[in-house]
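Just so it is clear, the model here is predicted, and its values are computed rather than measured. Within every chain, numbering begins at 1; the chains are lettered A, B, ... in the order of the sequence lines, protein sequences first and strands thereafter.
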2 protein chains.
Amino acid sequence: MTQDDLNNQLKWLFENAMSGISVDCVAFAYQEERLKVLCLRYRNTDIWSLPGGLVFKHESLHQSAFRTLQERTGLDSIYLKQFQTFGEVERANIKEVMSRLVPPFAMEYFPNRSISVGYYALVNHREVIFTQDILTDLTAWHDIEELPAMIFDHVQIINTAVKSLKAQFDHLPLSYHLLPKKFTIGELQKLHEEVLGEKLERSNFQKKILSTAILERIDERKIGGAYKSPYLYRFKREKYEAWVNQVF
Amino acid sequence: MTQDDLNNQLKWLFENAMSGISVDCVAFAYQEERLKVLCLRYRNTDIWSLPGGLVFKHESLHQSAFRTLQERTGLDSIYLKQFQTFGEVERANIKEVMSRLVPPFAMEYFPNRSISVGYYALVNHREVIFTQDILTDLTAWHDIEELPAMIFDHVQIINTAVKSLKAQFDHLPLSYHLLPKKFTIGELQKLHEEVLGEKLERSNFQKKILSTAILERIDERKIGGAYKSPYLYRFKREKYEAWVNQVF
DNA sequence: ACAAAAGTGTTTCACATACACCCATGC
DNA sequence: GCATGGGTGTATGTGAAACACTTTTGT
């Protein structure tokens, strides 16, 4: 990428994007029994960032968040939820981080003040195909407990997204988006424990989940694992959608 | 107000405010046993609007919302909560409303596209002193069930704010901001019923509220009313603050 | 005295929690 | 066989809901 390429891109953005309004996406996945967040690394640096960017003039906020994530992951169906908008005048470590960026990422390419609308997303990491762009050279899932050095206030944005996800996870069957099509109750419970940050009583969890009738048992058992083969379950799509739509 | 005055003001805003980012405040009060919203009427029209405006470059979103409401109400302590950001490309009835506006409010003074960060506020209407500005000639409380014709998508913003308030009212003692210092349990119950939109069982409500120990009974009874004089209560300030702060 | 509201107590039920038990499977 | 996790059943406790009873005060 040359300096000219960058300038052309900036010029295009200036004409087609709103000034000072960006969307940042906290994309969650559940991998190896941990809750992970999608992070991007700026080329030639060890500074990471959330996927996001300026809002185009002709698109809604939701569309902007969707476009951003679709470009990165190739997914065409993504659960998205706006959770908070961030607008402090001085956004955290901006100066300290900027000083560590090497050219051509200089301070002048970032606006003086920016408002960021935060969306969190739930994606199935098994279906994701990463794509890079000219500013980044690496896309990776990071454990929410072990985040790298991040630009602006992105760590705070992630933490807020986690709180918001926790608050909603109780009421909504959001695990639908994070698990494979078929799964065992035990796997579902592990996910709930990871998100809520606490152990749950096994038999009670089973009863509570099954009593909602949102799962259906498949005539098939998980094989290969040690000990008793558990049944596999899947979400009933109609039930799931009715549940999600009814809630604020 | 002359055309020059308006132009000067617009010039000042252009220099000191962010472009395309505004804050809209849904200020709730509880008056005559109804939940009310603060609305402004544009001068020379019958079009109403929420208090709000462009975000200044040097202020945070929260400060912007606070400033907006303080200018209107004279209050220096306001409970504010960001609830959602609105960013559709076409914001509802903009064209239809614009066509009804008389000069000097012409289309050219409104940006092509605007993102609006929604805050709801809880205020004690007894302490409010209304102030007008050059664009508006009337400030009034409107029943949330009987809203006037409003600009942009402000009706939708209000409805979303109401939903958000409902969702939080269960968990938080927000009635603190809407009632006078001293009140009876019956008055508190009426408020809860109005916000939640359903009747509550009297004796259970009393027990539930008192069991939280957030109220203290004053050695004083309400006088003048018919029938048995009820005790007066007030919020314990420490309890209230501990409760609000602990929650997301 | 009576009506209506305020305060208190009691019963019932739903549900979450805790825990006990048996089953199935791989080692 | 046995360790381990999976599936089901049972006892207990807590809190919400429904309702009964008593007290108070203006008319």
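- Between the CD1 atom of A/Ile209 and the C1' atom of D/dG7 there is a distance of 15 Å, rounded to whole Å.
- Ion pair B/Lys190/B/Glu194 not flagged as a salt bridge, since none of the NZ, NE, NH1 or NH2 atoms sits closer than 4.0 Å to an Asp/Glu carboxylate oxygen.
- Separation of the B/Trp48 and B/His142 ring centroids falls under the 6.0 Å cut-off.
- Side chain of B/Gln206, nearest nucleotide from C/dT8, C/dA5, D/dG7: C/dT8.
- Near-neighbour residues of DNA chain C inside residues 193-203 of chain B, defined by a heavy atom below 4.0 Å, number-ordered: B/Arg202, B/Ser203.
- For B/Lys228 and D/dT24, the NZ to C1' distance is 5 Å, given to the nearest whole Å.
- Among pairs with a residue in residues 178-202 of chain B, those fulfilling ring pair (Phe, Tyr, Trp, His ring centres under 6.0 Å) read B/Phe169-B/His192, B/Phe183-B/Phe235, B/His192-B/Phe205, at least two apart in sequence or across chains.
- Judged by distance alone, the side chains of B/Gln132 and B/Thr139 do bring a donor and an acceptor atom under 3.5 Å apart.
- Note: CZ (A/Phe205) to P (C/dA16) measures 13 Å, nearest angstrom.
- Using a cut-off of 4.0 Å between Lys/Arg side-chain N and Asp/Glu carboxylate O, A/Arg41 and A/Asp137 are scored as salt-bridged.
- Ring geometry for B/Trp141 versus B/Phe130: interplanar angle of 30 to 60°, hence tilted.
- Using a 30° and 60° split on the angle between ring planes, A/His177 and A/Tyr240 fall in the perpendicular class, above 60°.
- Between B/Phe183 atom CZ and C/dA5 atom C1' there is a gap of 18 Å when expressed in whole angstrom units.
- Taking atom CZ on B/Arg217 and atom P on C/dG7, their separation rounds to 7 Å, with Å as the unit.
- Defining each end axis of the helix from C/dA1-D/dT27 to C/dC27-D/dG1 as the rotation carrying four pairs' C1' atoms onto the next four, with five pairs an end, the two axes are found to diverge by 10° to 10 degrees.
- The B/Asn204 side chain lies nearest to D/dA18 when the options are D/dG7, C/dG7, D/dA18.
- Closest to the side chain of B/Lys208, out of D/dA16, C/dT17, C/dG7, is D/dA16.
- Rounding to the nearest 0.5 Å gives a distance of 10.5 Å between CG of A/Asn124 and OG of A/Ser77.
- Heavy-atom distances to DNA chain C give each of B/Ile185 and B/Lys207 a nearest nucleotide, and the one nearer the 5′ end belongs to B/Ile185.
- Distance A/Ile218 CD1 to D/dG6 P: 16 Å, rounded to the nearest Å.
- When rounded to the nearest whole Å, the span between CG of A/Leu232 and C1' of D/dG7 equals 15 Å.
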Report the C-alpha distance between A/Tyr120 and A/Gln168 in whole Å, list the side-chain angles of each, state the deciding distance to 0.1 Å, and finish with yes or no for side-chain hydrogen bond (donor to acceptor under 3.5 Å, both in side chains). CA-CA 12 Å; A/Tyr120 75 76; A/Gln168 309 217 275; 2.7 Å; yes
